[in-house]
Structures are given as C-alpha cells and as structure tokens.
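Letters A, B, ... mirror the listed sequences (proteins, then strands); counts begin at 1.
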2 protein chains.
Amino acid sequence: MSKRLKDETSEEKILEAARRVFLQKGMAGARMQEIADEAGINKALLHYYFRNKELLFDRIFTQAAAKLFPKVVTILDADLPLFEKIEGFISSYIDVMSENPYLPLFVLNEVHRDPEGFYKRISGELKLPRPEKFLMQIDQEVKLGNIRPVSPLQLFMNILSGTVFPFIAKPLFQMHIGVDEFQFRQFMLQRKTEFARFVIDALRK
Amino acid sequence: MSKRLKDETSEEKILEAARRVFLQKGMAGARMQEIADEAGINKALLHYYFRNKELLFDRIFTQAAAKLFPKVVTILDADLPLFEKIEGFISSYIDVMSENPYLPLFVLNEVHRDPEGFYKRISGELKLPRPEKFLMQIDQEVKLGNIRPVSPLQLFMNILSGTVFPFIAKPLFQMHIGVDEFQFRQFMLQRKTEFARFVIDALRK
DNA sequence: GTCTATAATTTGATAGAC
DNA sequence: GTCTATCAAATTATAGAC
C-alpha cells in the first residue's frame with residue numbers, strides 16, 4: 001500500500017489529484033472538474049478548501065518547485081572534490097526526476113509564463129540554491145591546471161542540460177526512437193554513470 | 001523594414017499574430033481575442049479565415065515543427081566526418097533557435113500533451129529525419145577505436161540536450177544567474193564553439 | 001464537511017449588415 | 001472581406017440544504 005487510501009482526508013485527496021492534473025496539463029489546461037473527479041469529490045469542495053483555482057495551483061506549484069530545486073542542488077554547495085560532486089549531482093537528480101517525470105517541464109513552463117512572478121512566489125517560500133560556489137570551484141580547478149580550461153557557466157549548463165533534458169524530451173524520444181517505458185528507465189539508469197563519465201572525460205586532460 | 005507592414009493581407013497578419021500568441025501561451029493558454037487584437041482585426045475574421053481555434057493552431061504548430069526538425073537535423077545524414085558533423089549540428093541548431101527561442105518548449109509541450117496525435121499530424125506533412133545513420137556512424141568510430149567507447153544513443157542525447165536545453169531554461173537562467181538578453185546571446189554564441197569542443201574532448205582519446 | 005443546483009464569467013463561434 | 005452584435009458552450013465560482 002503506497003498510502004492508506006480510504007482514510008485520507010478530503011484535503012489530501014484533492015491535493016494529490018490536483019498534483020496529477022496540474023503537472024500534466026499545466027495551469028491553463030487543467031480543469032477544476034477533472035481535479036474533482038480524480039479526487040472522487042465534487043467541485044464545490046475544491047472551492048471550500050482552496051477558494052479558487054489560482055490558490056490551488058500555487059500550492060501545487062510551490063510544492064513542485066520545492067521538490068525540483070533545493071534538495072539535490074545543494075550537493076553543489078557541499079565540500080567535495082569536483083568529480084565526485086558532478087557524479088553525485090547527476091545521479092541524485094536523475095533519481096528525483098525518475099520519480100517525478102513531469103516536474104521539469106511543468107516548472108519550466110511556469111517560469112516561462114511569468115518569470116518574475118515565479119521568482120517572487122518561491123523566494124518567499126524557499127531559497128533557491130545558488131551555484132556560485134560550484135562555479136568558483138570549477139574556476140579553481142582550471143587555474144590549478146587540474147582540468148581542461150572551460151567556462152564554469154558553460155560547464156554548469158552542460159551538466160544541467162544532460163541531466164534534465166532527457167525527461168523533457170521523453171515522449172518525443174519514446175515515440176521517435178521507439179522505446180517503451182521500461183527501456184526509458186534503463187536508458188536513464190545507464191545514463192547516471194555514463195553521462196557523468198562523459199563529462200569527466202571532457203574535463204580530464 | 002522587416003516586412004511591408006501595411007500592405008500585408010489579413011491572412012498574413014493573423015498568422016503572424018497567431019504564431020506570437022500560440023508560441024508563448026500554448027494551445028490551452030492562447031485566446032482568440034488576443035490573437036485578433038495582435039493582428040489588428042476582430043475575432044469574426046479569425047473564424048472567417050481559419051474556421052476555428054484548432055485549425056489555426058494546427059497551421060502554426062505544423063509550421064513550427066517544420067522549422068524545428070528537418071532543416072538542420074538532416075546534417076546528421078550528411079556524408080561528413082563525425083567531429084565535423086557534431087560541430088555543424090550544434091552551430092546550426094543554435095542559430096535556428098536563437099531566431100526562434102520559443103520553438104523548442106512550444107513543440108515539446110505539444111508532444112507531451114498528445115504524443116501519438118503529434119506523430120500522426122506531422123508525419124503527413126513532413127518526414128522527421130531519423131538518427132539511425134548518425135548512430136551507426138558513432139558505432140563505427142567506436143569499433144575502429146577512433147573515439148572513446150560510448151553508447152551512440154547516449155551521445156546523441158548529450159548533444160541534443162546541450163544544444164536545446166539552454167533555450168528552454170532561458171528565463172530561469174536569466175532570472176537566477178542575472179543575465180540580460182544581450183548576455184544570453186553572447187553565452188549562446190560562445191556555446192556554439194565551446195560546447196562542440198566539450199563533446200569532442202569527451203570523445204577523443 | 002459535503003452535496004446539488006445554479007449563478008457568473010469567460011471564451012469560442014456564428015448571424016447578418018455593409 | 002470586414003465589422004458589430006449576439007449566441008452557445010464551457011468553466012469557474014457560489015448559495016444554500018443537509
């Protein structure tokens with residue numbers, strides 16, 4: 001049993017349903033009726049608990065952003081050798097998104113829809129981890145001659161891209177290359193080590 | 001003058017407006033009223049020319065997919081050495097998306113919303129370029145011992161990720177790192193060479 | 001707290017004059 | 001072809017009984 005199914009409160013059922021629907025359809029595409037149906041209650045109760053669609057969406061979005069951002073990204077602030085840090089970041093982040101595959105596209109869409117609104121909303125609730133320390137560490141390693149010369153920001157983008165993008169492109173990838181759900185999981189599992197090795201190979205001289 | 005502004009036909013004005021609105025807001029978030037306003041005409045005329053929202057969206061989407069997919073990706077089918085092909089792909093693709101920054105997120109959202117619907121729709125209009133030849137070429141180079149051993153599909157994903165993802169993450173990147181429009185352009189310009197070098201460094205032994 | 005019924009608003013689509 | 005006015009459907013939100 002993932003969670004007691006029957007003795008959940010209505011509020012919990014609504015939040016779970018809202019999460020499913022909003023993450024798949026976004027704010028504009030989601031319907032309050034569908035959320036109510038998914039939760040097994042009726043529309044009126046949605047408004048009873050959350051007043052309106054926007055407030056409900058905010059709850060879900062903040063929670064999604066909290067799951068996507070701080071947890072894993074703080075690895076970058078840890079006190080670890082660069083290569084270990086890269087390996088740890090890629091592996092943990094792929095784990096997080098494997099369990100929540102809709103997360104990245106959902107959050108990035110919202111940022112795109114309203115960038116500063118996004119920033120205000122979450123800066124109150126949670127502090128986005130800053131990459132400065134990681135960038136400085138890269139810079140150091142370059143200066144020490146331990147790795148090939150790279151722009152820290154470009155390297156950071158390389159790592160982030162290779163980790164997040166596969167989940168965004170997943171449906172296209174599945175459709176076009178012809179892989180099913182299981183094969184995609186295998187692909188991402190393999191990727192945890194193979195992409196890390198790729199990055200490190202590019203840096204090592 | 002980018003294009004004669006006054007003597008455009010209404011149909012052209014509508015298509016341009018629809019492109020702007022749909023690319024930014026998606027199918028669900030776009031409003032016919034907003035498209036009409038952007039085009040400087042009224043709603044009735046939208047329906048006169050395109051019958052309904054879905055048909056108008058289809059026009060825009062097919063056109064967007066046609067711009068995103070085939071042109072540049074066919075480089076991968078060319079008869080070129082692997083490294084030149086990688087350099088060419090990255091550089092040209094970044095060019096395409098620099099001119100159409102909303103393209104990737106827009107198309108990937110639609111694929112996500114309705115994967116097989118997407119495939120049916122465009123397979124009639126345009127043939128998606130297949131990556132098999134490119135994958136086999138990578139496999140060959142590995143077998144010949146010219147590059148480090150890599151899974152062709154993983155390498156393909158690495159290249160695609162590093163090229164496309166920055167445009168999807170652009171608003172977040174700008175907001176969080178604090179770069180403006182000009183700096184982002186510089187970053188992507190630098191990326192054309194630096195990311196290609198990164199990939200090649202990872203492959204060369 | 002939870003429901004049914006209904007109001008209010010938004011939005012896509014059409015009728016009909018010019 | 002283009003407009004104004006209007007309709008019809010979808011969707012959010014509320015009133016009020018239990």
Sugar-phosphate only, base, or nothing, as touched by Leu46(A) at under 4.0 Å among non-hydrogen atoms: nothing
Using the 3.5 Å cut-off, write out each protein N or O paired with an N or O of nucleotides 12-14 of chain C and the distance between them.
{"residue": "dG12(C)", "atom": "OP1", "partner": "Ala30(B)", "partner atom": "O", "Å": "3.4"}
{"residue": "dG12(C)", "atom": "OP1", "partner": "Arg31(B)", "partner atom": "NH1", "Å": "3.4"}
{"residue": "dG12(C)", "atom": "OP1", "partner": "Lys53(B)", "partner atom": "NZ", "Å": "3.1"}
{"residue": "dG12(C)", "atom": "OP2", "partner": "Met32(B)", "partner atom": "N", "Å": "3.0"}
{"residue": "dG12(C)", "atom": "N7", "partner": "Lys43(B)", "partner atom": "NZ", "Å": "3.4"}
{"residue": "dA13(C)", "atom": "OP2", "partner": "His47(B)", "partner atom": "NE2", "Å": "3.3"}
{"residue": "dA13(C)", "atom": "OP2", "partner": "Lys53(B)", "partner atom": "N", "Å": "2.8"}
{"residue": "dA13(C)", "atom": "N6", "partner": "Lys43(B)", "partner atom": "NZ", "Å": "3.3"}

How are the rings of Phe165(B) and Phe165(A) set relative to one another: parallel (under 30°), tilted (30 to 60°) or perpendicular (over 60°)? perpendicular
How are the rings of Phe89(A) and Tyr93(A) set relative to one another: parallel (under 30°), tilted (30 to 60°) or perpendicular (over 60°)? tilted
Would you say Asn158(B) and Gln154(B) are linked by a side-chain donor-acceptor pair, where the criterion is simply a distance under 3.5 Å? no
Please report the closest heavy-atom contact between Pro101(A) and Lys170(A), naming both atoms and the distance. CB-NZ, 4.4 Å
Residues passing the salt bridge (Lys or Arg N to Asp or Glu O under 4.0 Å) test with Glu125(B), sequence neighbours excluded, are none
Of all the heavy-atom pairs spanning Leu68(B) and Val73(B), show the shortest one and how long it is. O-CG2, 4.4 Å
Does the side chain of Pro70(B) come within less than 4.5 Å of Lys127(B)'s, by heavy atoms? no
Using chain A heavy atoms and a threshold of under 4.0 Å, write down where along DNA chain D the contacts begin and end, 5' to 3'. dT11(D) to dA15(D)
Could you tell me how the ring of Tyr102(B) sits relative to the ring of His112(A): parallel (under 30°), tilted (30 to 60°) or perpendicular (over 60°)? perpendicular
